[in-house]
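Heavy-atom basis, side chains included; hydrogens, waters and symmetry copies ignored. Whatever order the structure lists them in is the order used to number ligands and atoms, beginning at 1.
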Amino acid sequence: MLVLGGGIIGLASAWRLAQAGASVTMLDPSPASGASNVAAGMIAPVTEAHYGEEALLGLNLQSATAWPGFARELEEAAGLPVGYDSSGTLAIAFDPSDKAALDELHRFQDKLGLESEPIPAVRCRQMEPTLAPSIRGGLNVPFDHQVDPRLVTQALLAACRARGVVVNSAAVTEILLSKGGFAGVRTDAGERVVAGQGVLATGWQAGRVQGLPASAVPPVRPVKGQILRLRLPASLPRPSRTIRAVVRGQSVYLVPRPGGDIVCGATAEELGTDTTVTAGAVYSLLRDAQAVLPILSEAELAETAAGLRPGSPDNAPMIGPSIVDGLAIATGHYRHGILLAPVTAAMIAELLSEGSSSSGSEWARWAAFDPRRFSGEVTQA
Ligand code: GLY
């Protein structure tokens with residue numbers, strides 16, 4: 001069994017497949033890097049609920065519910081921490097029109113039965129005294145948590161190795177087919193790695209994979225996200241939970257890490273594979289972050305980075321069989337790669353270790369995420 005891609009999705013899938021008894025080789029020239037290394041790590045199905053994405057919300061909630069157990073099991077298997085933090089999230093409105101947007105989000109969350117409590121500005125500041133006095137109110141969202149993706153991917157690598165997963169640092173140049181089915185890969189080292197089953201989990205690069213018929217290639221594209229890491233001196237107060245804010249119509253999030261950094265993100269830019277960190281993005285993220293947390297003007301700008309999220313045409317991931325026998329796809333997670341890792345890995349392990357004949361009702365439930373919806377073979381749920 002080959003897992004192509006060693007980001008959080010490939011690593012989690014490789015781990016689960018190995019646990020299920022498969023003999024797994026994971027191929028990636030630089031595992032635990034890419035978008036997983038840049039991500040803030042919000043486990044945020046409630047504050048990231050969007051109109052028209054109700055099926056995705058169901059999957060997001062399922063995976064968020066799985067996260068605490070996944071984190072515990074992974075920490076035990078790897079002997080490493082993953083930084084799961086259940087302190088919750090406060091969503092903040094900066095000005096009156098931002099408050100109107102937040103009220104609208106709350107109505108939508110309420111209609112969907114999601115836990116989100118409107119709270120006045122004074123209570124927001126009691127909960128988080130570093131918030132600016134001028135904020136207009138917020139939503140308390142206790143179910144939206146966070147994890148540290150850099151710790152998670154390191155732990156997954158260790159857990160994979162402990163389970164016997166072979167980590168091959170060659171780059172895949174081509175998928176090999178035999179009689180129309182998956183037969184392995186060719187690598188940049190000129191090697192043929194032969195296997196009857198594979199998982200394509202190379203994030204946005206899955207959209208450029210060679211060797212597959214055009215209708216089997218997942219239509220993923222890179223969506224650039226620029227993000228900052230801010231470091232406050234230990235003597236200064238900091239927020240105790242994730243702060244998301246709408247500031248003059250722009251979204252910004254601030255995710256405090258136990259080690260002291262605050263991750264501030266993120267842009268969403270359609271610029272192909274460009275990963276330049278721009279002055280404009282750093283400026284607007286800092287401006288909006290400081291508008292809600294003025295103390296950040298004292299922070300060291302410890303890191304700037306840009307990652308490429310794998311975006312899909314309908315913003316939903318592609319998880320499941322492809323039109324090529326033996327090849328599963330796990331990509332297109334867009335803004336939810338960290339959140340969706342546990343459920344994606346479980347789905348891939350179920351698909352490939354028990355065979356797609358075990359699909360039945362469970363796979364029918366997941367039809368909205370079937371990669372074949374873009375190959376013209378499956379009617380979208
Ligand atoms: N889920 C946060 C982001 O993609 O920026």
Side-chain angles (χ1 to χ4, degrees), residues 7-9 12 33-51 53 56-57 59-64 67 83-85 88-92 105 109 114 139 141 143-150 152-153 203-204 220-230 239 241-247 249-257 261-271 273-275 277-278 280-282 284-286 288-289 292 303-312 314-318 331-344:
I8 193 168
I9 298 296
S33 61
S36 305
N37 199 45
V38 176
M42 289 176 296
I43 312 294
V46 179
T47 44
E48 293 203 357
H50 295 296
Y51 288 104
E53 295 184 1
L56 178 57
L57 172 67
L59 193 72
N60 286 348
L61 288 169
Q62 187 183 344
S63 205
W67 248 109
Y84 189 84
D85 179 347
T89 294
L90 203 50
I92 295 297
L105 174 65
Q109 292 166 334
L114 301 172
L139 301 173
V141 184
F143 189 61
D144 278 2
H145 299 164
Q146 60 137 313
V147 73
D148 185 333
R150 292 179 177 177
V152 174
T153 50
W204 67 270
V220 272
R221 67 183 195 287
V223 183
K224 178 179 177 182
Q226 299 192 55
I227 203 158
L228 318 174
R229 278 172 172 75
L230 305 168
R241 73 200 80 209
T242 297
I243 308 288
R244 302 186 74 119
V246 192
V247 181
Q250 294 295 316
S251 294
V252 66
Y253 53 75
L254 295 153
V255 184
R257 291 269 188 265
D261 284 3
I262 297 175
V263 183
C264 169
T267 63
E269 303 164 78
E270 302 279 353
L271 288 174
T273 58
D274 171 63
T275 51
V277 174
T278 63
V282 174
S284 51
L285 287 169
L286 285 176
D288 295 345
V292 280
E303 185 183 328
T304 60
L308 298 172
R309 309 174 183 91
S312 76
D314 58 9
N315 290 342
M318 293 159 229
T331 187
H333 293 74
Y334 188 37
R335 302 194 77 140
H336 304 297
I338 308 301
L339 165 61
L340 288 173
V343 77
T344 302

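At least one heavy atom of Glu48 sits less than 4.0 Å from an atom of ligand 1. The closest approach between any non-hydrogen atom of Tyr253 and ligand 1 is below 4.0 Å.
Considering backbone and side-chain atoms together, Arg335 places an N or O closer than 3.5 Å to an N or O of ligand 1.
Using the six-membered ring where Trp is involved, Tyr84 and Trp67 have ring planes that are parallel, under 30° apart on the 30 and 60° scheme.
With hydrogens and angles ignored, the 3.5 Å screen pairs no side-chain donor or acceptor of Gln109 with any backbone N or O of Ala49. Judged by distance alone, with hydrogens and angles left aside, the side-chain atoms of Arg244 form no donor-acceptor pair with the main-chain N or O of Tyr253 at under 3.5 Å.
Leu90 CG to Asp144 CG: the interatomic distance, rounded to the nearest 0.5 Å, is 11.5 Å.
Of all atoms in ligand 1, numbered sequentially from 1 with element shown, those under 4.0 Å from a heavy atom of Met42 are 2 (C). Close approach to Ala266 involves these atoms of ligand 1, each under 4.0 Å from a residue heavy atom: 5 (O). In the vicinity of Arg309, heavy-atom distances shorter than 4.0 Å reach the ligand 1 atoms 3 (C), 4 (O), 5 (O).
Here Pro310 pairs with Trp204, Val220, Thr331 under the side chain to side chain contact (heavy atoms under 4.5 Å, CB included) rule; sequence neighbours left out.
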